[in-house]
Amino acid sequence: EEDVTLIARGPHLEAILSKGLTVKLPTAEEFNVKVKATNDPGSIGTVDLILFSVKTYDTDAAAELIRPMVDPHTVVSSVQNGVDNGDRIERAVGPGHFVLGATYINALVEQPGVIFLRANNMTSFGETDGSVTPRVQQIVTVFQNAGIDVALRKDMRSFLWEKFVAICCLGGAEMLARQP
């Protein structure tokens, strides 16, 4: 079991604190997790892993906020869309902390404290230079132990570009059709 703290804000945070986080699955199943949550990353202390998952336009501000959580051994991994988030995060937290991440997940906040997971596919992690390191192996092991479909990849940079191109094509079509 891992010690997890979510960082949230506003009504979403209030709902998580009072009722836990509910995750609805495409199969109509759902589960609720009682989890620690805060809107103040500085109150958490230093951590082993930060899974960075804000919208890309919030990257720079959020990266500054996580600085108090980072010590020399902290790993930060982004599962955001885009290809330059690692550079932006490392500008805030310092070099050597970043591990590439990607996930093919389609989810939305249905209401405060409730996440609807429309589709959940592979999540991947890998070093920026393609090497296999103990820290990436540890991240993959933690995710596997949680029952998450995860892989260690040596080609994360090209994988991120493939995902980015796919999102641009699909997102453009969705925008033109005014459909999600």
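All of these numbers come straight from a predicted model, not from anything done at the bench.
Of the possible donor and acceptor atoms, none in the side chain of Thr22 sits under 3.5 Å from a partner among the backbone N and O of Asn32. The backbone N or O of Val54 lies less than 3.5 Å from a partner atom in the side chain of Gln80, making a donor-acceptor pair. Within the 3.5 Å criterion, the main-chain N or O of Gly113 finds a donor-acceptor partner in the side chain of His12.
Within the 4.5 Å cutoff, no side-chain heavy atoms of Thr46 are placed close to those of Met69. Between Leu49 and Val142 the shortest side-chain heavy-atom distance does not fall below 4.5 Å. Taking the side chain as every heavy atom from C-beta outward, Ile44 and Ile7 approach each other to under 4.5 Å. By the 4.5 Å heavy-atom criterion applied to side chains, Leu25 and Glu30 are not counted as neighbours. The closest side-chain heavy-atom distance from Val132 to Glu127 is not below 4.5 Å.
Here the CG-NZ distance, from Leu108 to Lys24, works out to 10.0 Å after rounding to the nearest 0.5 Å. Rounding to the nearest 0.5 Å places CG of Asp87 at 11.0 Å from OG of Ser78. A distance of 7.5 Å separates CD of Glu90 from NE2 of His97, quoted to the nearest 0.5 Å. Taking CZ of Phe52 as the reference point, atom CG of Asp58 lies at 8.5 Å (rounded to 0.5 Å). Distance check: Asn85 CG to Ser77 OG gives 10.5 Å after rounding to the nearest 0.5 Å. The structure places NE2 of His73 at 9.5 Å from CG of Asp48, a figure rounded to the nearest 0.5 Å.
Asp71 approaches Thr74 most closely through the heavy-atom pair N-OG1, 2.9 Å. Here the shortest heavy-atom pairing between Met156 and Phe125 reads CG-C, 3.8 Å. Of all non-hydrogen atoms in Glu110 and Phe116, the two that sit nearest each other are OE2-CB, 3.8 Å. Here the shortest heavy-atom pairing between Pro11 and Pro112 reads O-CB, 3.4 Å. Nearest heavy atom pair, residue Pro26 against residue Leu117, reads CD-O, 2.9 Å. The two residues Pro41 and Leu65 make their nearest non-hydrogen contact at CB-O, 3.3 Å.
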(request) List the steps, then state whether side chain to side chain contact (heavy atoms under 4.5 Å, CB included) holds for Asn39 with Glu14. (result) CA-CA 10 Å; Asn39 62 358; Glu14 293 169 18; over 6 Å; no

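Residues forming a side chain to side chain donor-acceptor pair (under 3.5 Å) with Asp60 (at least two apart in sequence, or on another chain): Arg88.
Other members of the cluster containing Leu17 are Leu13, with ILVMFWY side chains joined at under 4.5 Å, either directly or via other members.
Crowding of Asn81 atom CG: a count of heavy atoms from other residues, nucleotides or ligands under 6.0 Å exceeding 12. Open room surrounds NZ on Lys55; 12 or fewer heavy atoms of other groups in view lie less than 6.0 Å from it.
Partner Ile139 forms a side chain to side chain contact (heavy atoms under 4.5 Å, CB included) with one of Val150, Leu51, Val75, Thr123 and no other, that one being Val75. Across Asp149, Val79, Ile148, a single residue satisfies side chain to side chain contact (heavy atoms under 4.5 Å, CB included) together with Thr103, and that is Val79.
Side-chain contact annotation: Asp129 with Ser131, donor-acceptor N/O pair under 3.5 Å present.
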